[in-house]
A.B. asks: 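Structure in structure tokens, see below.
Keep in mind the model is a prediction, meaning the values are calculated, not measured.
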Number of protein chains: 2
Amino acid sequence: MHSRNLIRVARGEEAADLVLKNCRVVNTLAGVIEEADIAVLGDTIAGVGSYSNGRQIVDLKNSYVAPGLINGHTHIESSMLHPARYAEAVIPRGTLTVITDLHEIANVCGIEGVKFCMRWGRRLPLDMKFMAPSCVPATPLETSGANFSAEDIRALFLEPDVIGLGEVMNYPGVLVGTPDVLDKIAAAAGRPVDGHAPGVRGHDLDAYIAAGIMSDHECTTYEEAREKLCKGMHIMIREGSSEKNLEALLPLVTDLTYPRCLFVVDDRSAADLDAEGDIDHVVRKAIQLGLDPIRAIQLATINPARYFRLHDRGSISPGKRADLVTLHDLSDFSIDKVFYCGKMVAEEGVPLFQLPSSDTGLTDTVRTKSFDSAALSMADDGNEFPLIELIPGQIVTKKRYIRPAISEGCVVPDTERDILKLVVVERHSRTGNIGKGLVTGFGLKKGAIASSVAHDSHNLIAVGTSDDDILGALNALIEMQGGLVVFADGKIQAALPLPVAGLMSPAPLHEVLLQMRSVQAETHLLGALPQAPFALLSFLALPVIPELRLTDLGVVDVTEFRIISHT
Amino acid sequence: MHSRNLIRVARGEEAADLVLKNCRVVNTLAGVIEEADIAVLGDTIAGVGSYSNGRQIVDLKNSYVAPGLINGHTHIESSMLHPARYAEAVIPRGTLTVITDLHEIANVCGIEGVKFCMRWGRRLPLDMKFMAPSCVPATPLETSGANFSAEDIRALFLEPDVIGLGEVMNYPGVLVGTPDVLDKIAAAAGRPVDGHAPGVRGHDLDAYIAAGIMSDHECTTYEEAREKLCKGMHIMIREGSSEKNLEALLPLVTDLTYPRCLFVVDDRSAADLDAEGDIDHVVRKAIQLGLDPIRAIQLATINPARYFRLHDRGSISPGKRADLVTLHDLSDFSIDKVFYCGKMVAEEGVPLFQLPSSDTGLTDTVRTKSFDSAALSMADDGNEFPLIELIPGQIVTKKRYIRPAISEGCVVPDTERDILKLVVVERHSRTGNIGKGLVTGFGLKKGAIASSVAHDSHNLIAVGTSDDDILGALNALIEMQGGLVVFADGKIQAALPLPVAGLMSPAPLHEVLLQMRSVQAETHLLGALPQAPFALLSFLALPVIPELRLTDLGVVDVTEFRIISHT
């Protein structure tokens with residue numbers, strides 16, 4: 001019996017598999033540093049004290065040892081990396097438990113997408129846990145690849161790695177008591193239910209929490225976070241690639257409140273994973289901003305473990321998983337060795353494990369009905385057309401109406417006025433739906449760019465200066481089964497193929513970064529573009545962010561929550 | 001759907017069942033006091049803020065409102081009160097969740113005893129949760145009424161109110177890896193497992209924790225408690241009727257450690273429940289000793305809720321159970337109104353609920369084979385006899401050997417030397433077992449006292465100055481199906497009947513206290529007795545406390561863990 005051997009190792013009567021000698025143990029239970037050895041048997045810590053009897057002994061020479069880091073909320077698809085490549089990127093950063101809401105791949109591939117990542121997760125040296133995506137699709141104003149009912153959520157909960165309900169973005173639905181939404185919360189049956197309630201305060205917040213929502217990662221101000229914490233939410237302090245709330249929310253973390261706070265990244269790009277890291281970056285930045293290092297570590301270890309009820313981790317103590325990271329220095333929080341379940345899996349930033357060789361899977365997800373450039377044309381009806389106006393530095397847009405340029409009875413892009421054509425092509429079930437609209441603020445002077453990353457349904461989206469360029473970009477995208485494409489002068493100028501669900505690349509991190517840089521460079525040769533044009537493009541199909549969006553069903557007035565143009 | 005209505009009440013769109021106006025809410029999540037109203041629908045808090053729309057409105061005029069108290073560890077049998085009478089005693093004290101380990105009644109009545117309390121618990125306005133008793137019987141050196149295997153524990157876990165494994169007193173069994181003990185821990189399948197490891201430190205402590213034990217309530221020093229907390233245990237700070245550790249352990253509770261500390265009472269007598277209270281007494285005393293009142297309340301609300309994973313309580317926030325207590329003043333912690341699931345169930349110390357009328361149940365548990373005074377005789381073999389020597393003020397005893405007084409070839413009590421006869425009569429399955437021994441330190445000069453409360457098997461135990469007095473006391477005990485008896489001059493001088501399992505009285509608290517006082521007074525008329533003779537007596541059959549004990553199987557040398565006399 002395993003526990004019998006564990007007892008014998010703890011008592012020093014039998015040899016441990018591994019003894020880490022001379023550690024400065026970060027004790028997340030008592031908030032102190034302790035000098036001790038750590039005895040490990042199999043995947044479990046047997047004892048923390050004075051141990052010398054081990055088949056393998058590693059002298060850590062007074063290095064710090066902290067529990068493996070837990071990233072409490074992320075959409076791994078944001079990295080654009082295949083789960084195995086994602087693991088290669090984050091494990092050397094100390095992330096050994098990741099709680100992911102596969103909202104993106106679920107919108108494309110449904111249950112199959114979740115199970116795909118689940119299968120991969122089980123074969124990698126990190127523990128991937130899943131929140132059942134609660135809002136698939138995000139709205140009825142678009143065509144997604146899947147539609148999760150409460151019954152689907154219940155079916156997902158039969159998987160032991162599905163530990164809660166993913167962020168309930170449909171907070172308006174909660175507040176009006178939409179039965180389907182409440183039924184999904186009920187399906188969680190007391191498991192953690194993550195929230196997403198930007199700016200929801202007062203009685204509405206009471207209602208959202210009373211409905212069963214237990215956390216929030218959308219706070220942007222101290223006051224909002226404080227109210228949510230006081231009313232019972234666990235506060236996920238988010239510091240990701242797009243949203244950065246750490247500095248604003250750090251004052252929330254006090255002696256009285258810290259047990260209910262945790263760090264998350266939400267979205268983290270491959271470039272940022274490479275340059276800065278994952279949840280380790282959040283810990284490091286919090287320390288730089290003045291948070292006590294031990295407390296910062298608590299917010300990335302014991303606190304998420306407690307919130308997610310992962311009682312087997314989060315501290316370095318007997319009986320817990322031997323998920324450990326070592327550091328020479330706490331204040332710079334630079335991770336040296338990484339042990340997953342008692343095995344060293346990374347050192348000095350280098351992964352030490354072999355990726356399982358296998359089909360990447362899910363590489364046939366861009367399924368469009370064939371179309372030609374005529375399908376992209378917009379007939380002029382003599383009226384004004386809605387125009388999506390980008391606001392510099394923001395993802396919200398403005399709704400305007402204009403008379404566009406007309407040629408041969410059809411609307412045409414007008415680079416002089418920076419009025420470009422925006423197209424969304426349904427790509428899940430060959431409906432042939434193509435939404436068409438106009439956008440200003442992209443600054444493209446030639447060519448087109450297109451992407452299969454288009455929140456949340458991830459249809460194909462393209463913006464361009466001519467129908468031919470748009471068609472060229474879309475065809476390239478369809479050919480490579482998803483990704484990012486820059487098309488001009490009749491050919492592909494650069495591309496980042498994302499053949500896994502049209503969202504993720506099976507290539508190694510550094511290859512993806514090279515492709516990404518090439519795409520960015522080529523894009524900026526096409527005009528005076530905003531800073532992150534593909535990121536901007538990816539949000540233009542998301543009909544929950546005001547004011548105007550475009551889906552495969554047409555132009556959406558988000559404020560009115562309806563389609564205003566079916567062209 | 002309930003949550004839909006809850007949302008509407010939280011938003012102020014529908015009337016609450018109850019609005020508590022003008023509260024000073026003790027916010028156990030953020031460690032602060034907030035001025036607010038509390039809106040309740042059914043058994044649930046809908047909102048905490050400004051609310052006026054309620055079918056019933058109670059103006060609390062700036063009273064403090066705290067969450068209902070949670071007693072994290074107690075053996076309710078120690079009160080000698082029927083579960084319903086126990087509830088009458090503790091509910092006005094604010095205890096609305098009690099986690100009880102029915103170790104005593106389980107040793108007498110087995111699963112039936114646990115289910116008896118469970119049935120009663122469901123009918124009372126407090127939430128009774130159960131830890132599956134892990135050590136029934138305590139040892140093989142006695143005859144108990146039941147024997148719990150790991151399979152029995154698994155069967156108990158099918159009951160939703162059984163939320164963990166009760167204190168694993170057999171820590172030596174854990175340390176040597178006894179399969180049955182480890183199997184019971186495995187049966188808990190990750191649920192909370194309470195510990196009991198007085199003085200266990202160092203590698204043995206690592207081993208005990210690595211085996212799966214999650215808490216301890218036996219710490220008597222700061223150093224011991226600190227080590228246990230640092231190694232992963234939740235520390236139950238115990239302040240009961242017999243063991244009082246609060247003052248010694250209070251320094252453990254700091255900003256860094258408080259989330260892992262909770263208050264418990266373990267054993268609490270009816271007299272103390274009446275005079276001082278239950279877990280409210282511990283909170284009050286902690287405040288008097290200097291602990292911040294809000295923190296003291298956290299240790300009796302949110303902290304035990306978290307440890308026991310009772311995620312629906314422990315704070316006053318939306319969606320939580322409406323278990324609430326009101327107080328005019330925090331520092332004297334005197335509880336005024338008590339609301340259980342949104343209904344007022346006590347006020348100013350007076351219970352406001354009707355007890356369900358029903359059979360008391362389990363009133364036929366004293367089952368002895370008939371015996372006469374000859375069965376109590378001890379034949380002289382010419383050798384020295386073991387003598388149990390009481391040590392004033394302690395429950396440990398000393399082992400001595402003496403030549404007793406002899407009459408007609410038999411050992412007889414010798415009041416001159418204070419050598420009395422001690423008898424244990426098996427009372428579960430009519431085996432006819434009668435253990436006989438000698439004890440010094442009781443100081444009885446005439447008569448006998450007898451009890452059916454005799455840890456842990458609760459056989460009948462009697463000490464007396466003659467076989468006739470002992471027989472008289474035992475017969476009275478058998479006649480009334482258990483309790484405490486004082487017998488002298490050929491008749492019962494006083495008695496406290498405990499007909500429920502031989503452990504509990506169905507009478508109201510104040511009647512039990514009167515009977516108890518009469519028993520105590522009459523006992524002290526029989527000689528120069530130690531302070532709590534019945535309590536002392538109740539531990540003399542417990543063969544886990546050094547050095548000598550008497551069970552129905554004979555005199556036990558506890559140090560050698562074997563029976564040394566079968567007389």
Side-chain angles (χ1 to χ4, degrees), chain A residues 1 3-12 27 29-32 34 39 44-51 174-177 179 182-183 185-186 190 202-214 226 229-232 254-257 259-260 294 306 309 311-312 315 317-320, chain B residues 1 3-12 27 29-32 34 39 44-51 174-177 179 182-183 185-186 190 202-214 226 229-232 254-257 259-260 294 306 309 311-312 315 317-320:
Chain A
M1 183 183 280
S3 88
R4 198 165 187 176
N5 296 335
L6 203 61
I7 289 165
R8 291 182 58 79
V9 170
R11 298 184 83 194
N27 187 317
L29 305 168
V32 292
E34 293 169 333
T44 306
I45 297 167
V48 182
S50 177
Y51 288 95
V174 173
L175 296 183
V176 299
L182 300 187
D183 199 15
I185 296 171
H203 282 183
D204 281 352
L205 181 58
D206 287 84
Y208 188 64
I209 296 171
I213 314 289
M214 305 178 194
R226 170 114 194 140
L229 185 144
C230 284
K231 283 186 173 167
T254 71
D255 285 345
L256 298 178
T257 56
R260 301 184 72 83
I294 299 175
R306 195 192 299 120
R309 306 175 195 170
H311 302 292
D312 61 349
S315 67
S317 53
K320 302 298 177 194
Chain B
M1 185 182 283
S3 88
R4 198 164 187 174
N5 296 334
L6 203 61
I7 289 165
R8 292 182 59 78
V9 170
R11 300 186 82 193
N27 187 318
L29 305 169
V32 293
E34 293 169 331
T44 305
I45 297 166
V48 182
S50 177
Y51 288 95
V174 173
L175 296 183
V176 300
L182 299 188
D183 199 16
I185 296 171
H203 283 182
D204 281 353
L205 180 57
D206 286 85
Y208 188 65
I209 295 170
I213 314 289
M214 305 179 193
R226 171 109 193 146
L229 184 144
C230 284
K231 285 187 172 166
T254 70
D255 284 345
L256 299 179
T257 57
R260 301 185 72 84
I294 299 174
R306 195 192 299 121
R309 306 174 194 171
H311 302 292
D312 62 348
S315 67
S317 53
K320 303 296 176 196

A.B. asks: With chain B, which of Cys230(A), Gly47(A), Gly212(A) has the greatest number of heavy-atom pairs at distances under 4.5 Å?
C.D. replies: Cys230(A)
A.B. asks: Grab the two heavy atoms, one from Ala10(B) and one from Ala46(B), that are nearest each other, plus how far apart they are.
C.D. replies: CB-O, 3.4 Å
A.B. asks: Measure distances from Arg8(B) to the heavy atoms of chain A and classify the residue's part below 4.5 Å as side chain, backbone, both or neither.
C.D. replies: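 Contact with chain A involves no heavy atom of Arg8(B) at all.
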A.B. asks: Using only atom types and a distance under 3.5 Å, with no angle test, would you say the side chain of Lys320(B) pairs donor to acceptor with the backbone of Gly232(A)?
C.D. replies: no
A.B. asks: Let's test your reading of the structure: which of Ile294(A), Val48(A), Asp312(A), Ile213(A) forms the most heavy-atom pairs below 4.5 Å with chain B?
C.D. replies: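 So the answer, after comparing Ile294(A), Val48(A), Asp312(A), Ile213(A), is Val48(A).
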A.B. asks: Return the minimal non-hydrogen interatomic distance between Ile45(A) and Ser315(A), and the atom names on each side.
C.D. replies: CD1-O, 4.3 Å
A.B. asks: With a 4.5 angstrom heavy-atom cut-off, which part of Ile185(B) approaches chain A: side chain, backbone, both or neither?
C.D. replies: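 Neither; nothing under 4.5 Å.
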A.B. asks: Please report the shortest heavy-atom distance between Leu182(B) and Ser3(A), naming the atom on each side.
C.D. replies: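 Closest heavy-atom pair between Leu182(B) and Ser3(A): CD1-OG, 3.5 Å.
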A.B. asks: Give the minimum heavy-atom separation between Leu6(B) and Ala210(A), together with the two atoms involved.
C.D. replies: CD2-O, 3.5 Å
A.B. asks: Out of Ala211(B), Gly12(B), Ala207(B), which one racks up the most heavy-atom pairs below 4.5 Å with chain A?
C.D. replies: Ala207(B)
A.B. asks: Considering non-hydrogen atoms only, spot the tightest contact between Pro318(A) and Asp206(B) and give its length.
C.D. replies: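 Minimum heavy-atom contact is CG-OD2, 3.2 Å.
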A.B. asks: Please rank Ser50(B), Gly202(B), Gly49(B) by heavy-atom pairs under 4.5 Å with chain A and give me the top one.
C.D. replies: Ser50(B)
A.B. asks: Chain A heavy atoms under 4.5 Å from Val32(B): which part of the residue, side chain, backbone, both or neither?
C.D. replies: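 Side chain only.
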A.B. asks: Heavy-atom distance under 4.5 Å to chain A: side chain of Arg11(B), backbone, both or neither?
C.D. replies: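 Both backbone and side chain of Arg11(B) come within 4.5 Å of chain A.
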A.B. asks: Taking the side chain from Arg306(B) and the backbone from Pro259(B), do they hold a donor-acceptor pair closer than 3.5 Å?
C.D. replies: yes
A.B. asks: By a 4.5 Å heavy-atom criterion (distance strictly below it), what part of Leu175(A) contacts chain B: side chain, backbone, both, or neither?
C.D. replies: both
A.B. asks: Name the member of Arg260(B), Met214(B), Arg309(B) that forms the most heavy-atom pairs with chain A at distances under 4.5 Å.
C.D. replies: Arg309(B)
